Asker: 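This is the structure, below, for whatever I ask next.
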Amino acid sequence: MQPLRGTKDILPKEIQEWQRIYNVANNLLSIYNYKEIRTPIIENTELFTRSIGNFTDIVNKEMYSFNDQGNRNLTLRPEGTASIARSFITNKLYIDKPINRLWYLGPMFRYERPQRGRQRQFHQLGIECIGSNMPIADIEVIKLANDILKEIECKEKYVLEINSIGNLEEREIYKLKLVDYLRKYENELDTDSKNRMNNNALRVLDSKHLKTKEILQEAPKLKTCLNRNSIEHFETICEHLTYLNIKYVINDYLVRGLDYYNYTAFEIKTKKFNQQNAICGGGRYDNLIQQLGGPKTPAVGWAIGLERLIILIQDNLNHKIKKQKIYITVQNFNKFNIIWDIIEILHEYKLEFELDLSHQSLTKQIKRANQLKSQICLIVGEDEINNNLITIKWLQTGTQQTIRLSSLRKYIQYLKKI
Ligand code: HAM
């Protein structure tokens, strides 16, 4: 039996890294007053069609949607923002606080062609700062993406690309200009871009097709349609990023694959892969909450794709795998008291151990302890059982000594320092 295409088991040897990322995020985001939120994985399909947009790739061809037994049309969430906006409205989170800073980590689902860094079930770590239209909120959010990548020790080079896509009116004016320009080259555009020209013209800017990219070079720029407010918002962000020493590149062609954004759009990209190079994507979405039936509430956020991040930091991982410190080998489980007494003491001092369950010879059990690269092997043979003793063998040096069970606590004081 194989797992479904585009899905992966996260095995115990990898889970440590997932837990580390969770802990780094939790510690860092708590300092900035972000609170964790967990929303359901399934939602009404309408939530995503209304928020992500009918003409986006996600809604058009990537959603895992199905009818349940009650004939409701449901979807496995393809991203977190729509669910957070829904939860913000359902739970009236705006009543208690003017600003809600939320973060989440969990699986998302998109029916895409699987490849390295692209899965059908993948995980996002995301944050949403809800309630402020000030550029300072955008900057806080971008700073946090940068801080998290630093703290996770992502040493691979990455770059922050940023753009302003203005507001709806500005984009409508721009779209007319863009489509007008593209019409002249309609026959030379790739098929996707031709289709997009009619229903989601802005996304043509995101084309990876060489000829289309060449045509776009002379196309009118979105920034020429931005008004004073949009420009000032964007310039403030750039100024603060410079002050914070966060390097960025302005990418005039950066438009995001989800319809809810306005003003700020950004992505953090790595050079390590040619495709699937966005490790983080985000931006401002001031109309989404109102569009879904909530009060008018501006917001900004991002999500990091954890599988992509983990590929990037993989090289650092191997040496960090935790070693089993203590291995307990036992000759005879029939006289078990001493075993449980030892285990209770190790538990009390929060020392990690593994009890051998094989019932093989002591020699084989000690060999296993060596294979696991344990530091210490506690040997409880017949002699030890009969006399309430424990033999402690240091596996790296081979030295060993036998102590009384009653001295184990004292011995542990010493162990705790290794
Ligand atoms: P997104 O750009 O669609 O934005 O996804 C964010 C990140 O999720 C991507 O940069 C990528 O690292 C990861 N990702 C997306 N699809 C896949 C996939 N099939 N396999 C592996 N990783 C993937 C959003 O989802 C927005 N909700 C982000 C946001 C939050 N904007 C505002 N707040």
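What you see is a predicted model; the values in this text were computed from it and never measured. Order of listing sets the numbers, starting from 1, for every ligand and every atom in it. The first residue of the sequence shown is numbered 1, and numbering continues consecutively from there. For the numbers below, each heavy atom of this structure counts, side chains included, while hydrogens, waters and symmetry mates do not.
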Asker: In this structure, which one of Asn146, Thr236, Ile246 forms a side-chain contact (heavy atoms from CB on, under 4.5 Å) with Leu241?
Answerer: Ile246

Asker: So does Leu189 get a backbone contact from the side chain of Ser193, meaning a donor-acceptor N/O pair under 3.5 Å?
Answerer: no

Asker: Counting from 1, what ligand 1 atoms have a heavy atom of Leu258 closer than 4.0 Å?
Answerer: 3 (O), 4 (O)

Asker: Can you tell me which residue and heavy atom of the protein come closest to atom 21 (C) of ligand 1, and the distance to 0.1 Å?
Answerer: Gly117 O, 3.3 Å

Asker: Students should be able to answer this: which protein heavy-atom is nearest to atom 10 (O) of ligand 1, and at what distance?
Answerer: Ala278 O, 3.2 Å

Asker: Quick check against the 3.5 Å criterion: does Asn44 have a side-chain atom that pairs as donor or acceptor with the backbone of Leu47?
Answerer: no

Asker: Is it true that Asp286 and Arg284 have a side-chain N and a carboxylate O under 4.0 angstrom from each other?
Answerer: yes

Asker: Is there any N or O on Arg118 that sits under 3.5 Å from an N or O of ligand 1?
Answerer: no

Asker: Mind checking whether Pro78 contacts ligand 1 via backbone (N, CA, C, O), side chain (CB onward), both or neither, at a 4.0 Å heavy-atom cut-off?
Answerer: neither

Asker: Which of the numbered atoms in ligand 1 are below 4.0 angstrom from a heavy atom of Glu79?
Answerer: 25 (O), 26 (C), 27 (N)

Asker: Testing Arg110, Arg256, Arg113, Arg196 one by one against Asp57 for a salt bridge (charged side-chain N to carboxylate O under 4.0 Å, His left out), which residue passes?
Answerer: Arg196

Asker: Specify the protein heavy atom at minimum distance from atom 14 (N) of ligand 1: its residue, its atom name, and the distance to 0.1 Å.
Answerer: Phe122 CE1, 3.5 Å

Asker: What do you reckon, does Arg110 put a non-hydrogen atom under 4.0 Å from ligand 1?
Answerer: yes

Asker: Does a side-chain heavy-atom distance below 4.5 Å link Tyr263 with Asn133?
Answerer: no

Asker: Taking the six-membered ring for Trp and the full ring for Phe, Tyr or His, determine whether the centres of Tyr327 and Phe353 are under 6.0 Å apart.
Answerer: no

Asker: What atoms of ligand 1 come closer than 4.0 angstrom to any heavy atom of Gly282?
Answerer: 31 (N)

Asker: How far is atom 20 (N) of ligand 1 from its nearest protein heavy atom, and which residue and atom is that?
Answerer: Gln119 N, 3.0 Å

Asker: Tell me which part of Trp302 gets within contact of ligand 1: side chain, backbone, both or neither, using heavy atoms under 4.0 Å.
Answerer: backbone

Asker: Distance to 0.1 Å, residue and atom name: give those for the protein heavy atom nearest to atom 13 (C) of ligand 1.
Answerer: Gly305 CA, 3.5 Å

Asker: Which of the atoms of ligand 1 are close to Tyr261, meaning less than 4.0 Å from one of its heavy atoms?
Answerer: 26 (C), 28 (C), 29 (C), 31 (N), 32 (C)

Asker: Which protein non-hydrogen atom lies closest to atom 8 (O) of ligand 1, naming both residue and atom, and how far is it?
Answerer: Gln124 NE2, 3.2 Å

Asker: Within a distance under 4.0 Å of any heavy atom of Tyr260, pick out the atoms of ligand 1 and give their elements.
Answerer: 26 (C), 27 (N)

Asker: Nearest 0.5 Å please: distance from the NZ atom of Lys92 over to the OG1 atom of Thr90.
Answerer: 9.0 Å

Asker: Looking only at heavy atoms, which two atoms of Tyr158 and Leu149 are closest? And how far apart?
Answerer: OH-CB, 3.4 Å

Asker: Quick one: does any side-chain atom of Ser65 pair with a main-chain N or O of Thr75 as donor and acceptor, under 3.5 Å?
Answerer: no

Asker: Students often mix this up, so state it plainly: with edges at 30° and 60°, are the rings of Tyr411 and Trp394 parallel, tilted or perpendicular?
Answerer: tilted

Asker: What atoms of ligand 1 come closer than 4.0 angstrom to any heavy atom of Gly281?
Answerer: 10 (O), 28 (C), 29 (C)

Asker: Nearest heavy-atom pair of Phe66 and Ile42: which atoms, and what distance?
Answerer: CZ-CG2, 4.1 Å

Asker: Quick one: look up the protein heavy atom nearest atom 4 (O) of ligand 1 and list residue, atom name and how far away it is.
Answerer: Arg256 NH2, 2.9 Å

Asker: Which class fits the ring pair Tyr22 and Trp103: parallel under 30°, tilted 30 to 60°, perpendicular over 60°?
Answerer: tilted

Asker: N/O of Ile279 under 3.5 Å from N/O of ligand 1, yes or no?
Answerer: yes

Asker: Among all protein heavy atoms, pick out the one at the shortest distance from atom 33 (N) of ligand 1; state its residue, atom name and that distance to 0.1 Å.
Answerer: Glu128 OE1, 2.8 Å

Asker: Provide the number and element of each atom of ligand 1 under 4.0 Å from a heavy atom of Thr81.
Answerer: 26 (C), 27 (N), 29 (C), 30 (C), 31 (N), 32 (C), 33 (N)

Asker: Check contact between Gly257 and ligand 1, using heavy atoms of the residue and a distance below 4.0 angstrom.
Answerer: no

